[in-house]
Amino acid sequence: TSEGVMVFGMKKVDLEGFDSFKNAMKEQMNSTEEFQITEGTTKEEAYQTAHYAGEEYTFTAKSEGMNVEVRYYFLETETDYVSINFIARPSVFTKNAEVITEMVNSFVAG
């Protein structure tokens with residue numbers, strides 16, 4: 001099954017701004033053949049963790065013949081731009097919404 005969590009970060013000095021970071025990450029995911037994004041499922045909204053402000057970017061796609069949900073939490077720290085990515089079947093997010101929120105809220109850049 002396609003399930004996983006990944007954290008990726010870049011120093012702010014390496015990019016022109018938070019929007020550049022988000023756009024680069026979105027372009028990378030759109031260029032992969034691993035996902036076939038289901039039209040009309042993409043959602044973007046502001047997101048606030050216990051420590052950082054940012055954006056949640058979510059979509060549903062087909063991967064390995066099954067529906068998966070992909071969530072990107074783009075966050076801005078004092079020195080970095082960070083992406084916390086989750087990929088799993090949509091039911092995993094429904095059943096574990098509280099745990100996922102706790103995980104994202106517990107993130108602190110080191």
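- Met66 and Val92 are members of different hydrophobic clusters when ILVMFWY side chains are connected at heavy-atom separations under 4.5 Å.
- Looking at Lys62 and Val68, their side chains never come closer than 4.5 Å, going by heavy atoms from C-beta outward.
- Environment of CD in Glu98: sparse, with no more than 12 heavy atoms of neighbouring residues, nucleotides or ligands closer than 6.0 Å.
- Heavy atoms only, all atoms of each residue included: Thr41 and Ile37 are closest at OG1-CG2, 4.4 Å.
- Between Ala50 and Asn105, the shortest heavy-atom distance links the atoms N-OD1, 3.0 Å.
- Contact of the Leu75 side chain with the Ile84 side chain is registered, since non-hydrogen atoms from C-beta on lie closer than 4.5 Å.
- Taking both residues in full, the closest heavy atoms of Ala53 and Gln48 are given as CB-OE1, 3.4 Å, listed atom of the first, atom of the second, then distance.
- Note on Val5: it clusters hydrophobically with Tyr52, by side-chain heavy-atom contacts below 4.5 Å among ILVMFWY residues.
- Ring to ring, Tyr73 and Tyr47 are close: their centroids are under 6.0 angstrom apart.
- Of the charged side-chain nitrogens involved, none lies within less than 4.0 Å of a carboxylate oxygen, so that Lys12 and Glu78 do not count as a salt-bridged pair.
- By the 4.5 Å heavy-atom criterion applied to side chains, Met25 and Tyr81 are not counted as neighbours.
- Inter-residue side-chain proximity for Val82 and Phe74 is flagged as unmet; no heavy-atom pair is nearer than 4.5 Å.
- Contact record, Phe59 with Tyr72: CE2-CE1, 4.2 Å, taken as the closest heavy-atom pair.
- Between Thr42 and Thr58, the closest side-chain pair of non-hydrogen atoms is not below 4.5 Å.
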Requested in this report: Take Asn85 and Arg71, measure what side-chain contact (heavy atoms from CB on, under 4.5 Å) needs, and give me the verdict at the end.
Outcome: CA-CA 6 Å; Asn85 312 339; Arg71 290 190 184 181; over 6 Å; no
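- Residues Phe21 and Ser83 are in side-chain contact: their nearest non-hydrogen atoms beyond the backbone lie under 4.5 Å apart.
- Tested against Glu44 for a side chain to side chain contact (heavy atoms under 4.5 Å, CB included), the candidates Glu56, Lys22, Lys26 yield a single pass: Lys26.
- Closest approach of Phe86 and Met103 over heavy atoms only: CE2-CE, 3.9 Å.
- Met10 has its side chain within reach of Leu15: a pair of non-hydrogen atoms, C-beta onward, lies under 4.5 Å apart.
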